[in-house]
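What follows is a single structure, written as structure tokens, with notes after it.
Worth knowing before you read on, the calculation uses all heavy atoms, side chains too, and leaves out hydrogens, waters and symmetry mates. First the proteins, then the strands, lettered A, B, ... as listed; each starts at 1.
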2 protein chains.
Amino acid sequence: MTIYEVAAKAGVSASTVSRVFNGVKVSPELIPLVRQAAQELDFTPNQSARSLRTRTSDVIGLIVADIENPFFTSLARGVEDTARAAGYSVMLGNSDEEESKEREYLDVALSQRLAGVIIAPATDHSDVSTLLAQNCPVVAVDRTLADADVDSVIVNNAAGGRAATDVLLQQGFRRIACVVGPSSTQTADDRARGWHDAMTKFDPTFDADAYLMHASNHVPGGREAFGLLLALPEPPDAIFVGHNLMAIGVLEALVETGRTPYEFGVSVFGDLPFVGLVPPGIHLISLPARELGEMAARVLLERIAGDTQPPRTIVLGTPWHPRLIGAPRSA
Amino acid sequence: MTIYEVAAKAGVSASTVSRVFNGVKVSPELIPLVRQAAQELDFTPNQSARSLRTRTSDVIGLIVADIENPFFTSLARGVEDTARAAGYSVMLGNSDEEESKEREYLDVALSQRLAGVIIAPATDHSDVSTLLAQNCPVVAVDRTLADADVDSVIVNNAAGGRAATDVLLQQGFRRIACVVGPSSTQTADDRARGWHDAMTKFDPTFDADAYLMHASNHVPGGREAFGLLLALPEPPDAIFVGHNLMAIGVLEALVETGRTPYEFGVSVFGDLPFVGLVPPGIHLISLPARELGEMAARVLLERIAGDTQPPRTIVLGTPWHPRLIGAPRSA
DNA sequence: GTGAAAGCGCTAACAA
DNA sequence: TTGTTAGCGCTTTCAC
């Protein structure tokens with residue numbers, strides 16, 4: 001089924017059919033004719049041909065680090081809904097935090113000549129220059145890109161770490177440990193820095209190094225980190241966890257040792273999926289995952305539409321408001 | 001950057017460049033020449049042109065009902081990994097259980113001339129005939145398609161319902177309620193049927209109708225259903241929940257009423273995300289979500305490769321083995 | 001084994 | 001306003 005067969009059936013030229021399908025002005029009486037013919041022939045425009053000719057496409061790429069993490073699913077949902085509303089589809093790639101997989105997806109985006117790409121970069125020096133060189137706009141989300149001059153949509157991680165630590169200090173906890181993702185990843189370092197600032201501001205003699213743990217961004221990572229912390233000569237009396245999945249691991253381990261978050265303080269930067277089953281007493285700072293996705297998509301769509309202002313960094317979510325799950329401590 | 005510029009730089013014809021990039025036989029000495037030239041020019045083959053010419057594409061579509069449900073994320077992960085290993089990319093669509101959104105994504109798949117589509121249908125009469133008419137293979141996953149003659153990769157839901165009910169009967173529970181998704185959806189009905197069979201086989205006088213609840217496939221749905229069941233003149237002493245998210249809602253409500261799964265039996269068909277925080281005593285039947293995705297992708301890839309055997313229905317996961325979370329009842 | 005040439009289905013000048 | 005025509009970048013006969 002091509003535009004020519006539709007044209008023949010409708011008794012017009014191919015250009016007229018093309019015009020009808022692209023909303024270009026055409027005598028009103030021809031429109032139903034063409035639509036009718038297209039309908040009867042089950043005609044669907046061939047996007048490959050269209051893309052080839054126009055050098056555009058209505059597909060955007062989304063590359064996330066872990067599609068099984070609810071944070072990224074919500075983010076993806078935000079991107080998808082926003083893109084869909086604007087007539088774009090989403091190609092999803094999962095980098096698994098691996099640069100090589102990420103590279104593969106960037107190459108796919110390039111060869112598909114996607115309209116644009118939203119990426120939660122696996123590293124802060126991920127290379128998107130090939131895309132930029134082809135005028136394929138890129139927006140970084142959740143993390144920034146050090147080597148590329150692109151828009152970023154992020155949250156203030158340091159402030160989050162600080163807020164999550166402060167709420168534990170207010171509760172009277174004093175030896176507050178910190179568990180975040182692998183060191184030298186941006187979000188992990190920033191969150192740890194926030195914690196560090198809050199602790200040393202409160203108590204300049206606090207031996208921060210002893211209570212900072214880096215672990216892998218998964219449930220077992222949190223579990224292990226918790227074990228190591230408890231084994232310390234002077235174990236912490238509370239913990240700030242900078243990642244949702246690790247928090248699950250920490251909480252599992254905490255519950256197993258018979259402790260509760262009322263005795264052993266817990267604050268988390270990130271949302272806990274299905275929070276209803278989480279032991280009460282923890283302090284949560286919600287990350288606007290969906291909004292990050294929506295905003296990233298909105299910025300990308302503007303770029304696709306031709307926006308040429310200098311790249312911006314958009315920070316969402318601050319100021320942070322910790323939320324207590326369950327009843328206050330006294331209860 | 002086109003194939004012609006690469007050809008010029010390498011001192012060969014465009015056809016030779018094309019051959020090199022497609023692994024067609026060429027004098028060995030030309031290959032490095034061409035690759036070198038391509039490299040220097042940052043050449044990336046234009047897939048739109050390729051698709052237009054060859055009428056193929058290396059992108060497959062995946063349409064799921066709820067990307068925020070861990071079941072579908074695992075499934076998506078299975079699809080993605082399998083597809084990627086075979087050199088295919090995945091376009092993801094979220095139907096939100098809505099036929100209209102599903103239709104949109106099917107149309108996108110059609111106009112993009114995707115290589116194939118894996119769909120977890122929103123309804124059992126979702127219409128994929130347009131795709132089939134264009135020789136775009138379709139594989140149904142998790143649910144079957146009544147009106148289309150396509151491959152399906154599913155689980156035995158009735159057997160799952162039966163197994164989940166039997167384990168509660170063995171524990172001594174007798175008034176076992178059933179909560180599943182909206183009635184007249186296939187998976188919900190099948191799971192309920194399994195429960196019904198198990199109950200009436202055990203006790204032919206059991207008043208099944210009174211204890212069957214349909215709710216929406218979300219956390220609040222499970223919560224509400226649980227409330228209604230408790231309000232019954234003769235409340236159940238146990239519950240079989242046929243959906244992972246609803247199970248979360250049921251468990252939240254259960255915990256709030258101060259009950260435990262040891263006194264009030266709970267069995268679930270489906271995986272509970274981050275199961276470590278779930279109250280002990282529940283019986284779980286794991287769904288092979290990832291494997292469903294992998295198998296669906298494998299079947300689809302075979303179809304894309306030209307497999308023409310009659311459509312098959314592949315059933316995964318049976319026999320079911322309920323798993324107890326936490327210690328046995330006596331403990 | 002390699003190149004020249006045609007054409008996949010569409011859009012965009014340009015001409016009428 | 002509508003049609004004619006050329007060409008987007010690639011693959012693939014068909015000659016050589």
How close or far is atom [atom2] of [N] from atom [atom1] of [X], stated in whole angstroms?
| X | N | atom1 | atom2 | result |
| --- | --- | --- | --- | --- |
| A/Asn46 | C/dC8 | CG | P | 12 Å |
| A/Glu5 | C/dG9 | CD | C1' | 11 Å |
| B/Gln47 | D/dC8 | CD | P | 19 Å |
| B/Tyr4 | D/dT11 | OH | P | 10 Å |
| A/Lys25 | D/dG3 | NZ | C1' | 18 Å |
| B/Ile3 | D/dT12 | CD1 | P | 11 Å |
| A/Leu41 | C/dG9 | CG | P | 14 Å |
| B/Leu52 | C/dA6 | CG | P | 17 Å |

Measure from the side-chain heavy atoms of [X] and tell me the nearest of [options].
| X | options | result |
| --- | --- | --- |
| B/Arg53 | D/dG3, D/dC8, C/dA6 | C/dA6 |
| B/Ser13 | C/dA4, C/dT11, C/dC8 | C/dA4 |
| A/Asn22 | C/dG3, C/dT11, C/dG9 | C/dT11 |
| B/Thr2 | C/dT11, C/dT2, D/dG9 | D/dG9 |
| B/Arg19 | C/dG3, D/dT4, D/dG9 | C/dG3 |
| A/Ser15 | D/dT4, C/dC10, C/dG3 | D/dT4 |
| B/Leu30 | D/dT12, C/dT2, D/dC8 | C/dT2 |
| B/Arg50 | D/dG9, D/dT11, C/dC10 | D/dT11 |
| B/Val12 | D/dG9, D/dT1, C/dG3 | C/dG3 |
| A/Thr54 | C/dG9, D/dT12, C/dT11 | C/dT11 |

Next on the checklist: Taking the side chain as everything from C-beta on, heavy atoms only, tell me whether A/Val117 gets closer than 4.5 Å to A/Tyr105.
Outcome noted: no
Checklist entry - Is the shortest heavy-atom distance from the side chain of A/Asp107 to the side chain of B/Thr44 under 4.5 Å? => result no
Checklist entry - Under 4.0 Å between a side-chain N or O of A/Ser18 and OP1 or OP2 of C/dT11? => result yes
Next on the checklist: I want to check one thing: is the phosphate of D/dG9, taken as OP1 and OP2, less than 4.0 Å away from some side-chain N or O of A/Arg55?
Outcome noted: yes
Checklist entry - Would A/Asp81 and A/Arg290 pass as an ion pair if we require N to O under 4.0 Å? => result yes
Next on the checklist: Please evaluate residues B/Glu302 and B/Arg312 with respect to the criterion salt bridge (Lys or Arg N to Asp or Glu O under 4.0 Å), reporting the C-alpha separation (whole Å), side-chain torsions for both, the decisive distance (0.1 Å), and the verdict.
Outcome noted: CA-CA 12 Å; B/Glu302 283 170 15; B/Arg312 293 174 293 170; 3.5 Å; yes
Checklist entry - How many angstroms lie between CZ in A/Arg303 and CG in A/Asp151, if you round to the nearest 0.5 Å? => result 4.0 Å
Checklist entry - CZ/B/Arg113 to CG/B/Asn135 distance, rounded to the nearest 0.5 angstrom? => result 11.5 Å
Checklist entry - Closest nucleotide of DNA chain C for B/Ala49 versus for B/Thr16: which of these residues is on the 5' side? => result B/Thr16
Next on the checklist: Need to verify one output field. Residue with the more 5' nearest nucleotide on DNA chain C, A/Phe43 or B/Val26?
Outcome noted: B/Val26
Checklist entry - With sugar-phosphate meaning primed atoms plus P, OP1 and OP2, does B/Phe21 contact a base, only sugar-phosphate, or nothing at under 4.0 Å between heavy atoms? => result nothing
